[in-house]
Amino acid sequence: PDIEVSDGKMPTVIYGMLVYSSDWPNQNGKGRFGVYSFEANETTTVNAVAKNDIFNANGGGVYANGKYNFINYSLWGGMIVTSYDYYQYDTYDWKQTQHISGTETKLMMVDGDYDPATGRVYGLMYTDDLQKQVFGVVDYSTNSRQVIKELNENFVAMAITPEGVVYAVRNDGAFVMFDKTNGEYTVIGETGIVPQFMQSAAVDPKTGKFFWAAVTNVGTAGLYEVSFETGKATLVKRFEHNEEFTGLFIPAPLAEEDAP
């Protein structure tokens, strides 16, 4: 089950790891974790693309160049990592291409994205003691990262435009723009939403729109479009079962339609 790229003409199809749904029996995702898709419109439904109990990306996920990279981890006491697994899958057939197991935390992230302008992956990750977030670069080929800045605030979602501009949502609902060179950020405006739990964002590479699969502090979840000008979030579709997604992505075409 390969994935659909965004062409700017048909409805945008968004993909992500489903890590929670209120209709799961006993809130157990066994047999239901997986990659799911939905369109960016008010009539969309959430559809399974590839189910796998490994696909519980609670440590973030990033799509880059036909590969999907994600982390699954377990904590004891909220601080000690008892298990850590990095996986890479080919999005053409969803077959595993890499797996590293251990107790490290360096690639665990809140959210991240591939930057088409530089070919690098930027992410919101954690300090080694898991007490703060950091902004930095991830290199999956070497299983390493470069911390650009330790942050004093926490964030819940991040995505990068085709031009390479990094935007993120802070945990108080502020919409911000990051400077990739130093990790400083500028607040654009308030989304009007106070987020909680796991969530993610993605920018449509063809339309340039910022989509956010948000979970709110009033017990609802849904897909929102966020304005780059004001930061205001507009509801596109309420998720019926308060679905939580991580590692959101919208694939870009391999080449423009009129490319030689």
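Just so you know, these numbers use all the heavy atoms, side chains as well, and skip hydrogens, waters and symmetry mates. Note that this is a predicted model, so its numbers are computed, not measured.
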Contacts of Glu184 meeting side-chain hydrogen bond (donor to acceptor under 3.5 Å, both in side chains) (sequence neighbours excluded), chain-then-number -> Lys149
With sequence neighbours left out, the residues meeting side-chain hydrogen bond (donor to acceptor under 3.5 Å, both in side chains) with Thr220 are Thr216, Arg238
How close do [X] and [Y] get, heavy atom to heavy atom, and via which atoms?
X	Y	value
Thr191	Val169	CG2-CG1, 4.5 Å
Val13	Pro251	O-CD, 4.4 Å
Ser200	Leu248	OG-N, 3.0 Å

The complete set of ring-ring contact (aromatic ring centres under 6.0 Å, His included) pairs with one or both residues in residues 199-226, sequence neighbours excluded, reads Phe175-Phe210
Q.
Is there a path of hydrophobic side-chain contacts, each under 4.5 Å between heavy atoms of I/L/V/M/F/W/Y residues, joining Val137 to Val110?
A. yes
- Query: Any link between Phe197 and Phe155 through a network of hydrophobic side chains (Ile, Leu, Val, Met, Phe, Trp, Tyr) touching at under 4.5 Å?
  - Reply: no
Can you establish whether the number of heavy atoms outside Glu153 located under 6.0 Å from its atom CD is more than 12? yes
Distance-only donor-acceptor hits, side chain of residues 118-126, under 3.5 Å, sequence neighbours excluded:
from   : atom 1 : to     : atom 2 : distance (Å)
Thr118 : OG1    : Asp115 : OD2    : 2.7
Thr118 : OG1    : Arg120 : N      : 3.3
Arg120 : NH2    : Gln146 : OE1    : 3.2

(message) Under a 3.5 Å cutoff, is there a donor and acceptor pairing between the side chains of Thr97 and Gln88?
(response) yes
Item checked: Audit row: Thr91, Trp94, side chain to side chain contact (heavy atoms under 4.5 Å, CB included) steps and yes/no -> CA-CA 5 Å; Thr91 57; Trp94 292 106; 3.5 Å; yes
Exercise for review: Check the pair Lys51, Val49 against side chain to side chain contact (heavy atoms under 4.5 Å, CB included), reporting the backbone distance first and the verdict last.
Suggested key: CA-CA 7 Å; Lys51 290 184 179 181; Val49 175; over 6 Å; no
key: ring-ring contact (aromatic ring centres under 6.0 Å, His included) between Tyr114 and Phe249, worked out   = CA-CA 9 Å; Tyr114 173 78; Phe249 68 98; over 10 Å; no
Value for NZ (Lys132) from CG (Asn152), rounded to nearest 0.5 Å, stands at 5.0 Å
Distance col, row Ile71:CD1 vs Asn56:CG, nearest 0.5 angstrom, shows 12.0 Å
Candidate pair Phe245 and Tyr36, rule ring-ring contact (aromatic ring centres under 6.0 Å, His included), full reasoning: CA-CA 9 Å; Phe245 293 93; Tyr36 287 70; 7.0 Å; no
Checking Phe33, Tyr89, Tyr87 against Phe55 for ring-ring contact (aromatic ring centres under 6.0 Å, His included), the one that qualifies is Tyr89
Residues passing the ring-ring contact (aromatic ring centres under 6.0 Å, His included) test with His241, sequence neighbours excluded, are none
Sorted by chain and residue number, the side chain to side chain contact (heavy atoms under 4.5 Å, CB included) partners of Asp139 (sequence neighbours excluded) come out as Ser141, Thr142, Ser144
